Amino acid sequence: MKTLSCSEVQNLLARGEPLPSADVADAVAVHLADCTRCGVLDNTIRESIGVFRKATEASAQWAPSFQAVRDAAVERGSVSGIGVWWKPASVLMVALVVAVWLYPRSEVVDGGGINAPNDLRVEDVHGLASQYGRDSEVASLVKNARLSEGAVVTTGPASQLVAKQAGIASWSLLADSMVHIVTWSEQHVALGLERGEIRLHVDKLEPGETFEIRTEYCTVTVAGTAFTVHHRPGIQTEVSVLSGVVRVDSIAQGVRFVHAGETVVVTKTERFVAKTPLPDSPAAELSESEVLEGQDDSVVVLRRDIDASQYPQERREGERTHHHAVEKPTLSPREANPEIFVPETTTVNKPETDPPQQRTEGELLRIGRTLLSKGDDKQAITLLETAVNDGLGTPRLLGLLADAHRLSGDTGAAKAAYQQAFVASGTAVSPQLLVDFATLCEQRDEAEEAAQMWEKLLSTNPTHHKVPAALAALAKRAEQSGDPVLARRLRADLCGRFPEASECTKGFVSTGRYFLNKRDWEEAERHFGSQIQSSNQALKEAAFVGLIRTKLGKGNVDEARMLLKTMDNVVTNSTRIEEISAIRESLGDP
Amino acid sequence: MLDEHETRLVERCRNGNEAAWAELYQTHAPTVTRFIARMLLPKDVVEDLVQQVFVEVFSSLKRFRGDSKVSTWLYRVAVFQVQRHLRSEWRLWRRKRAAADVCTVLGIFSSDNPAMHAEMVAQLRVLKSTLDSMNSKHRFVWVMRELQGLSTEEVAAVLDTKVGTVRSRLFEARRQVFAAFGKAGFATDGLSFPLGGIHFDEIAAKTRGASQ
């Protein structure tokens, strides 16, 4: 074998191209094995380049906004297509903006004058977000991108978008959601939430101004507040209010007002279900409250600090008259209306007295878990259902009840219990509940719902230990839905953040197999080559085997043989050993 | 050559469709911005140059024949703009300081691991100073190949030159980087080397074992 000098090796490596022959490769290998200086230098340089490349990724944010670039192009006056006709339009727009500025706000409103220009922009975006324009053109959204009236904005899995226009509102669209910007102006805003979750903070509205969110089950009208609307197509819409008051209109059930700290759910059958239980304290503390009663045992919302004149209610013919308890009632609302605030799926009970032995939640959880560990599913179910019927329907108890149903094989009842646990959790859903529900949905082949739970986990608990499982599940779903690009991105994220996770190896192999099946040898080589030095042994072995297959696919049998030689005494995984044996057999090697 | 989607996008841009312009910008602006920033130019200069690149692109799209990818064409315009900026003599003396500013802004010299920090910072400083002192022709090729991930053929298409020319410039750039690191006297543990993406640490170990 030829012996190479340091400078010869450096020259060969500096070319960056594949080495001319196997003999040269061997010679380089021998030199680097013996010469600590050369081997070390090359490794150091590659490491530095990798770090530098990664560190400079963030410089992409330095790009100016599209609007600034467009304005610069217009100013230069050399842009045809958008420049020539834009100039007079831009002058007119400036004139309109100035006209609006010069007039006091109330005059603009009272006179039905010109609305302030729409300048709704993306304040922040994580992951994938797109805007579908009126002409069906699609644009990926980046920071400072403008959102148009009439457009539909969507977010992908594990993604989030924050949009804002000062003076109107800011809103955050969570993962896998879709919102239609029906109307957007200072006077009137209407957003159509097609699916998913949107969190809003609306600036104080002047009289005559409206801000509403529409879903297929209800319309949420705002009066200067911070709130969340979560819509699950085919299931329900949930409205939670952080501050201020929100009016919720459903087609069948009329109007409800939701105040700060309260949450209502409008279900598929358009029944309101209040989720925030009434306090047990006497009504003396609620002297300014008002209780509204609905139809057909549908549940009411407790109103606080009302001023009825500000929120006129609409009534339909035949609807029962709402009665108002303005004076201090002698009974607490819970005592006066014990049938209210009961979960929709359970029977309404009106207990005369408390049960003789009132167990605490902790005790019930302990007993329930013990029963389940012994295999007494039925007993556990009976105990927990009784507790829930008695009004102790906390998220943890409902979650345990769901586990009990699942263990007993009744996945339908398990799902119903998980859903009740969600309702009881309000906005603070525990990550374990999300994981359990997602797992159950996968068991029931309800991929869509499972994906929603995984996405919620990713967006609310990005450091949870089940995040690798979530990413792997979403990648698999993307692949099954015919989106291999998204699947690869999700797997790359998984392996980048959790290189030791078993899901990483499975996903890595799955993605590599995709390239091999497509006979995309370049991509396959890049993909498998990237993990040859992984600290994860399983990943490393999978990468080697994948690379061998790639070399064979390209017809580089000699290189494949060289790789096979290196795998002796290195591979520990039985699957890989079998694969290697099969490859050797196909090559006719011993 | 353009694929179908790009062809349609370019056509819509030529017709003055603003959403198409926005899509073109939003798709390619991050790549162009990173490339210009990796030439170690300060943030305000990067913003200006990116804007100039796209203004140029918007105004000359009608002349684009579609015989290369849009990204190749954008790189070409970006290289031209950066070259024009670098040639301006009164800026030359500021470049070295600007390079340090860029790395500070991007947090290149920070690390969560204190043990790694000192050594990695030293390596990055060597890399930065080597790039700084490199001839711009070599630097363009090195940044496009090593950092942007373009192939030799793609770089040749961007620079409108032969593949052999790109190879020789890349060779010279890498030689300079190798020499700088060698001179700086770096030493780390482990032996591994790339061979078209394959790492043969096992071969090295076995060879060493066989020769003993």
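The analysis underlying the following values was restricted to heavy atoms, covering all of them including side chains, and did not include hydrogens, waters or symmetry mates. To find a chain, count down the sequence lines: A is the first, B the second, and so on, and within it residues start at 1. Just so you know, these numbers come straight off a predicted model, no measurement behind them.
A distance of 13.5 Å separates CD in B:Gln123 from CZ in A:Phe52, rounded to the nearest 0.5 Å. Considering OG of A:Ser48 and NZ of B:Lys128, their distance stands at 13.5 Å, rounded to 0.5 Å. Interatomic distance, A:Ile49 CD1 to B:Arg174 CZ, rounded to the nearest 0.5 Å: 7.5 Å. To the nearest 0.5 angstrom, B:Glu18 atom CD is 7.5 Å from A:Arg146 atom CZ.
The aromatic rings of A:Phe66 and B:Tyr25 sit tilted, their planes meeting at an angle between 30° and 60°.
Listed here is the closest heavy atom pair of A:Ala63 and B:Thr33: CB-OG1, 3.2 Å. Summarising the geometry of B:Val55 relative to A:Ala72, their closest heavy-atom pair is CG2-CB, 3.9 Å, with the distance given to 0.1 Å.
B:Phe58 is listed as a side-chain neighbour of A:Val69, based on a closest heavy-atom distance under 4.5 Å. Here the side chains of A:Trp62 and B:Val50 are not in contact, with every heavy-atom distance at 4.5 Å or above.
Heavy atoms closer than 4.5 Å to chain A are found in the side chain of B:Leu127, but not in its backbone. In this structure, no portion of A:Ala543 lies under 4.5 Å from any heavy atom of chain B. Interface residue A:Ser65: only backbone heavy atoms are found under 4.5 Å from chain B. Residue B:Glu172: no heavy atom, backbone or side chain, is found under 4.5 Å from chain A.
Here B:Gln148 pairs with B:Thr31, B:Arg34, B:Phe35, B:Arg38, B:Tyr75, B:Val143, B:Leu150 under the side chain to side chain contact (heavy atoms under 4.5 Å, CB included) rule; sequence neighbours left out. With sequence neighbours excluded, the residues that form a side chain to side chain contact (heavy atoms under 4.5 Å, CB included) with B:Thr130 are B:Val126, B:Met134, B:Gln176, B:Val177, B:Ala180.
Within 6.0 Å of NZ in A:Lys143 there are 12 or fewer heavy atoms belonging to other residues, nucleotides or ligands.
Note on A:Pro64, A:Ala145, A:Ala68: by heavy-atom pairs under 4.5 Å with chain B, the leading option is A:Pro64.
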